[in-house]
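The residues of the chain are indexed from 1 along the displayed sequence.
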Amino acid sequence: MRIRNLIAVVIVCLFVVQCISIVHYLNEERYLSGLMDSIAPRSLPPSKQAIKAVEALKDLPAIQNSSYFLLPIFSFLRPMPQQVIEQGGDCGDRSRLVIRLLRLHGIKASKWAIYTKEMKSVHAVAELEAETGRMVVDPLFGIWFPRSDGGYYGIRELRQSPSILQDRVHSLLQEGVQPGSSDLKSYPLDEYTYQYAKTINWEKWVGMFFVYESLKLVMGQAIDDLSRPTFVEAPQLMVMLMAGAIQGGLVMLYVARIRICRRKRHDSGSFSPI
């Protein structure tokens with residue numbers, strides 16, 4: 001009975017956390033929607049909206065934002081987009097923010113992790129589906145990559161032609177502009193390349209790189225383009241899912257315990273001493 005009561009209490013507490021998470025998420029969505037409406041009208045092409053969203057972040061401090069949702073134990077999920085707007089953030093935080101803003105205007109976008117040739121994750125950018133095809137934006141350095149014949153370059157082209165990045169950075173430096181929060185003069189062209197870009201930062205959590213290597217044996221290089229789930233850009237949704245997983249695990253544990261107890265009672269009752 002004690003175990004059943006304890007499980008019930010934990011499940012109820014987790015349900016409360018889920019309710020808080022969804023309310024907070026919906027409030028943040030309303031906030032971000034109003035913000036994006038003020039940044040760019042929906043009538044603009046997706047590429048122009050993305051550019052305006054990146055430009056709107058220029059004055060935010062380029063810092064390691066240590067904020068978190070609800071409790072310190074969720075700090076590994078990184079700050080929420082609203083916290084990034086209020087305090088600033090790094091490349092990953094800004095990419096998450098831009099992605100959320102664009103999605104609120106119906107523009108599909110996803111985050112990409114930039115790796116060095118030594119397979120170390122060093123940077124993050126966003127790629128969106130623009131009106132002319134895929135388009136990469138770097139919210140930290142304020143970079144995007146226009147084609148000479150119109151449109152923009154995506155991850156695939158930047159992977160295949162490292163000179164696109166080099167030419168773009170050199171061109172902006174010659175113009176003497178400072179498009180992003182971080183000084184473009186400090187852009188590490190030998191590290192922040194796109195040749196080894198992946199949709200997921202497999203170094204973020206302990207053990208994930210082993211998952212990557214295992215999946216790579218099955219999927220090959222396609223693992224690098226694995227679709228990134230949309231809910232990972234919202235810490236509140238991640239907390240909801242984790243709470244749901246724990247709830248499911250507790251229910252299964254309790255059901256298993258009941259079956260074991262019934263089996264023991266059955267075996268005990270069917271035993272007849274000689």
> Does Arg228 reach the main-chain N or O of Ser110 with its side chain, forming a donor-acceptor pair under 3.5 Å?
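Absent.
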> Going through the checks in order, is the side-chain contact (heavy atoms from CB on, under 4.5 Å) test met by Phe145 and Leu158?
CA-CA 9 Å; Phe145 305 90; Leu158 290 165; 3.8 Å; yes
> Taking all non-hydrogen atoms of both residues, which atom of Leu32 and which atom of Pro81 are closest, and how far apart?
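Smallest interatomic distance, heavy atoms only, reads CD1-CB, 3.9 Å.
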> Are Tyr31 and Val84 connected in the hydrophobic side-chain network, where two residues link if heavy atoms are under 4.5 Å apart?
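Yes: a chain of side-chain contacts under 4.5 Å links Tyr31 to Val84.
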> How far apart are the closest heavy atoms of Tyr153 and Pro146, and which atoms are they?
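Here Tyr153 and Pro146 meet closest at CE1-O, 3.8 Å.
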> Check each of Leu14, Leu241, Val17, Val251 against Ile246 using the side chain to side chain contact (heavy atoms under 4.5 Å, CB included) test, and report the only one that passes.
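Of all the options given, the one that passes is Leu14.
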> Any idea which heavy atoms bring Gly142 and Val54 closest together, and the distance?
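The pair with the smallest heavy-atom distance is CA-CG1, 3.7 Å.
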> I want to check something: taking the side chain as every heavy atom from C-beta on, are Ile107 and Met36 in contact at a cut-off of under 4.5 Å?
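No, their side chains stay 4.5 Å or more apart.
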> Show your working on ring pair (Phe, Tyr, Trp, His ring centres under 6.0 Å) between Phe141 and His123 and close with a plain yes or no.
CA-CA 11 Å; Phe141 287 94; His123 193 42; 5.8 Å; yes
> Quick check: does any side chain N or O of Gln195 sit under 3.5 Å from a backbone N or O of Gln160, one acting as donor and the other as acceptor?
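Side chain of Gln195 to backbone of Gln160, a donor-acceptor pair under 3.5 Å: no, none is there.
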> Measure the NZ-CZ distance between Lys264 and Arg259 for me, rounded to the nearest 0.5 Å.
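It is 15.5 Å, given to the nearest 0.5 Å.
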> What distance separates Phe74 CZ from Ser21 OG, expressed to the nearest 0.5 Å?
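It is 7.0 Å, given to the nearest 0.5 Å.
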> Give the cluster check for Met252 versus Val10: same hydrophobic cluster or not, with ILVMFWY residues linked at side-chain heavy-atom distances below 4.5 Å.
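Looking at the clustering, Val10 is in a separate group from Met252.
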> From Tyr115 OH over to Tyr192 OH, what is the distance, rounded to the nearest 0.5 angstrom?
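Result: 14.0 Å between the selected atoms.
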> So do the side chains of Gln236 and Leu26 get within less than 4.5 Å of each other, counting heavy atoms only?
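With C-beta onward as the side chain, the pair stays apart.
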> Classify the side-chain pair Arg159/Thr193 by whether it contains a donor and acceptor separated by less than 3.5 Å.
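No, no side-chain donor-acceptor pair sits under 3.5 Å.
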> Minimum heavy-atom separation for Leu57 to Ser181, with atom names?
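Where Leu57 meets Ser181 most closely, the heavy atoms are O-OG, 3.2 Å.
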> Are the side chains of Ile223 and Leu226 in contact, using a 4.5 Å heavy-atom criterion?
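They are in contact (side-chain heavy atoms under 4.5 Å apart), so the answer is yes.
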> Applying the 4.5 Å side-chain criterion to the ILVMFWY set and letting contacts propagate, would Leu6 and Ile3 be lumped into a single cluster?
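Leu6 clusters together with Ile3.
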> Would a single hydrophobic cluster contain both Val122 and Met208, if residues Ile, Leu, Val, Met, Phe, Trp and Tyr are joined by side-chain heavy-atom contacts under 4.5 Å?
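No, no single cluster joins them.
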> Looking at every heavy atom in both Ala56 and Ile39, which two are closest together, and how far apart are they?
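For Ala56 and Ile39, the tightest heavy-atom pair comes out as CB-CD1, 3.8 Å.
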> Given 3.5 Å as the limit, does a donor-acceptor pair link the side chain of Asn201 with the main chain of Ala113, or not?
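Pair absent, no side-chain N/O of Asn201 close to backbone of Ala113.
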> Pro139 and side chain to side chain contact (heavy atoms under 4.5 Å, CB included): which partner among Leu97, Val98, Asp90?
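So the option named by the test is Val98.
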> Is it true that a side-chain atom of His24 and a backbone atom of Ile20 form a donor plus acceptor pair closer than 3.5 Å?
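Judged by distance alone, no pair lies under 3.5 Å.
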> How long is the span from the OG atom in Ser38 to the NZ atom in Lys52, to the nearest 0.5 Å?
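Interatomic distance, Ser38 OG to Lys52 NZ, rounded to 0.5 Å: 11.0 Å.
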> With side chains defined as the heavy atoms from C-beta onward, is the minimum distance between Val137 and Ile51 less than 4.5 Å?
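No, side chains not in contact.
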> Sub-3.5 Å donor-acceptor pair from the side chain of Lys58 to the main-chain atoms of Gln178, do we have one?
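Answer holds: yes.
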> Do Val177 and Trp144 belong to the same hydrophobic cluster, where Ile, Leu, Val, Met, Phe, Trp and Tyr are linked whenever their side-chain heavy atoms lie under 4.5 Å apart, directly or via other members?
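No.
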> Show your reasoning for whether side-chain contact (heavy atoms from CB on, under 4.5 Å) applies to Glu175 and Leu172.
CA-CA 5 Å; Glu175 294 175 14; Leu172 292 172; 4.1 Å; yes
> One pair to check against side-chain contact (heavy atoms from CB on, under 4.5 Å): Gln49 and Leu101. What are the steps and the verdict?
CA-CA 9 Å; Gln49 292 191 50; Leu101 291 173; over 6 Å; no
> Check this for me: does any side-chain nitrogen of one of Arg103 and Glu233 sit under 4.0 Å from a carboxylate oxygen of the other?
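No salt bridge links Arg103 with Glu233.
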> Checking the side chain of Glu127 only, and the main-chain atoms of Ile155 only, is there a donor and an acceptor separated by less than 3.5 Å?
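Confirmed, Glu127 side chain pairs with Ile155 backbone.
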> Is there a donor in the side chain of Asp224 and an acceptor in the side chain of Tyr212, or the other way round, less than 3.5 Å apart?
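The criterion, which ignores hydrogens and geometry beyond distance, is satisfied for Tyr212 and Asp224.
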> Would Asp138 and Arg94 count as a salt bridge (charged side-chain N to carboxylate O under 4.0 Å, His left out) if you check the C-alpha gap in whole Å, the side-chain angles of each, and the deciding distance to 0.1 Å?
CA-CA 9 Å; Asp138 185 330; Arg94 291 163 185 263; over 6 Å; no
> Kindly say whether Ser171 contributes a backbone atom to a donor-acceptor pair with the side chain of Gln174 at under 3.5 angstrom?
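Answer holds: no.
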> Spell out, as yes or no, whether a donor-acceptor pair under 3.5 Å connects the side chain of Arg156 to the backbone of Arg134.
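No, because the side chain of Arg156 does not come within donor-acceptor range (under 3.5 Å) of the backbone of Arg134.
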> Between Gln83 (side chain) and Tyr68 (backbone), is there a donor-acceptor pair under 3.5 Å?
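Yes; judged by distance alone, with no hydrogens or angles, the pair exists.
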> Take Lys216 and Gln221 through the test side-chain contact (heavy atoms from CB on, under 4.5 Å) and record every step on the way to the result.
CA-CA 7 Å; Lys216 190 175 181 180; Gln221 291 303 127; 3.1 Å; yes
> Measure the shortest side-chain to side-chain distance between Ile143 and Leu184 over non-hydrogen atoms and say whether it is less than 4.5 angstrom.
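Yes, close enough: below the 4.5 Å cut-off.
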> For the residue pair Val136 and Tyr152, establish whether any side-chain heavy-atom pair is separated by less than 4.5 Å.
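Result no, sub-4.5 Å side-chain heavy-atom pair not found.
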> What closest approach, in Å, do Ala109 and Leu102 show between heavy atoms, and which atom pair accounts for it?
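Heavy atoms of Ala109 and Leu102 come nearest at CB-CD1, 4.1 Å.
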> Rounded to the nearest 0.5 Å, what's the gap from CE on Met240 to OH on Tyr25? Could you check?
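Separation between the atoms: 9.5 Å.
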> Side-chain contact test, heavy atoms from C-beta onward, threshold under 4.5 Å: evaluate it for Phe69 versus Ser75 and give yes or no.
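Phe69 vs Ser75: side chains apart.
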> Per the side-chain hydrogen bond (donor to acceptor under 3.5 Å, both in side chains) rule, which among Gln64, Gln87, Arg78 passes with Asp93?
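The passing option is Arg78.
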> Between the side chain of Ser95 and the main-chain N/O of Cys91, is any donor-acceptor distance below 3.5 Å?
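Pair found, side chain donor or acceptor close to backbone of Cys91.
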> So, are Arg100 and Glu29 salt-bridged, with charged N and O less than 4.0 Å apart?
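Looking at Arg100 and Glu29, the cut-off is met.
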> Regarding Gln247 and Gln18, is there a side-chain donor-to-acceptor distance under 3.5 Å anywhere?
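Yes - a donor-acceptor pair under 3.5 Å links their side chains.
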> Got a salt bridge between Lys120 and Glu191, using NZ or NE/NH1/NH2 to carboxylate O under 4.0 Å?
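Looking at Lys120 and Glu191, the cut-off is not met.
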> From Ser163 OG over to His170 NE2, what is the distance, rounded to the nearest 0.5 angstrom?
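Answer for the OG-NE2 pair, Ser163 versus His170, is 11.0 Å.
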> Would a 4.5 Å heavy-atom cut-off, applied to side chains only, mark Ser47 and Glu131 as touching?
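Yes; the side chains approach each other to less than 4.5 Å.
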> Are more than 12 heavy atoms, taken from residues, nucleotides or ligands other than Phe15, located less than 6.0 Å from that residue's CZ atom?
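For Phe15, atom CZ is not crowded (no more than 12 foreign heavy atoms under 6.0 Å).
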